[in-house]
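Remarks on the structure that follows.
Model, not experiment: these values are computed from the prediction.
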Amino acid sequence: MSKKFARMNVIEFVSEDAFDIINERYSKICGDTYGGIEFTVNVPTGPTSGFSLSIYENEAAIEATEQPHRAFLAGNESIIKDVFFHSGEVSSFATSLAVTEGMVESN
């Protein structure tokens with residue numbers, strides 16, 4: 001079994017509604033742009049800030065999405081004040097969540 005890899009994004013937006021705007025835009029391109037993604041959670045952390053964590057099936061999948069990810073962020077620079085992201089190998093993962101039709105439900 002291949003090792004999972006994760007990308008963590010911390011984003012500061014220019015307005016309070018920008019988090020919802022970028023989530024809507026992300027949902028439209030996620031399947032085509034982020035191949036190999038297995039899990040994503042987006043969390044508003046303040047009125048104009050957010051955190052995103054995505055888990056990929058392997059290192060090749062996360063590497064293949066780095067440039068498209070940078071392009072997505074650059075294409076949304078009008079609503080992003082600041083952003084940084086880190087990627088790395090997942091050392092442990094535990095969940096009690098079940099995903100159904102794009103929605104997450106707790107077991």
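- Of all heavy-atom pairs between I37 and C30, the closest is CG2-SG, 4.3 Å.
- Here the straight-line distance linking atom CD of E63 with atom OH of Y56 works out to 12.0 Å at 0.5 Å rounding.
- Using a 4.5 Å cut-off between side-chain heavy atoms of Ile, Leu, Val, Met, Phe, Trp and Tyr, with links allowed through other members, F51 and F85 fall into different hydrophobic clusters.
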**Request:** Please step through side chain to side chain contact (heavy atoms under 4.5 Å, CB included) for the pair I21 and R25, ending with a clear verdict.
**Result:** CA-CA 6 Å; I21 293 168; R25 291 175 182 174; 3.5 Å; yes
**Item:** Derivation of the side chain to side chain contact (heavy atoms under 4.5 Å, CB included) call for L73 and I80
**Value:** CA-CA 8 Å; L73 294 173; I80 296 174; 4.0 Å; yes
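- H69 and N9 form a side-chain donor-acceptor contact under 3.5 Å, judged by distance and modelled atom types alone.
- The nearest pair of heavy atoms linking L53 to M8 is CD1-CG, 3.5 Å.
- Using a 4.0 Å cut-off between charged nitrogen and carboxylate oxygen, E57 and K4 do not count as a salt-bridge pair.
- In this structure, N76 CG and F13 CZ are separated by 8.5 Å, a value rounded to the nearest 0.5 Å.
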**Candidate pair I22 and F72, rule side chain to side chain contact (heavy atoms under 4.5 Å, CB included), full reasoning** = CA-CA 10 Å; I22 205 161; F72 176 72; 3.8 Å; yes
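- No side-chain N or O of Y34 forms a donor-acceptor pair with one of T40 less than 3.5 Å apart.
- Rounded to the nearest 0.5 Å, atoms OG1 (T48) and CG (D17) are 11.0 Å apart.
- Between the side chains of T65 and R7, at least one donor N or O lies within less than 3.5 Å of an accepting N or O.
- The cluster map of Ile, Leu, Val, Met, Phe, Trp and Tyr, joined by side-chain heavy atoms under 4.5 Å apart, puts I29 and I79 in the same cluster.
- Annotation: the span from N42 atom CG to Y26 atom OH amounts to 6.5 Å, rounded to 0.5 Å.
- For the residue pair A61 and G36, the shortest heavy atom distance occurs at CB-CA, 3.9 Å.
- Rounded to the nearest 0.5 Å, atoms CD (E38) and OG (S54) are 11.0 Å apart.
- There is a path of hydrophobic side-chain contacts, each under 4.5 Å, that joins V10 to V43.
- The line from OG of S49 to CZ of F19 is 9.0 Å long, rounded to the nearest 0.5 Å.
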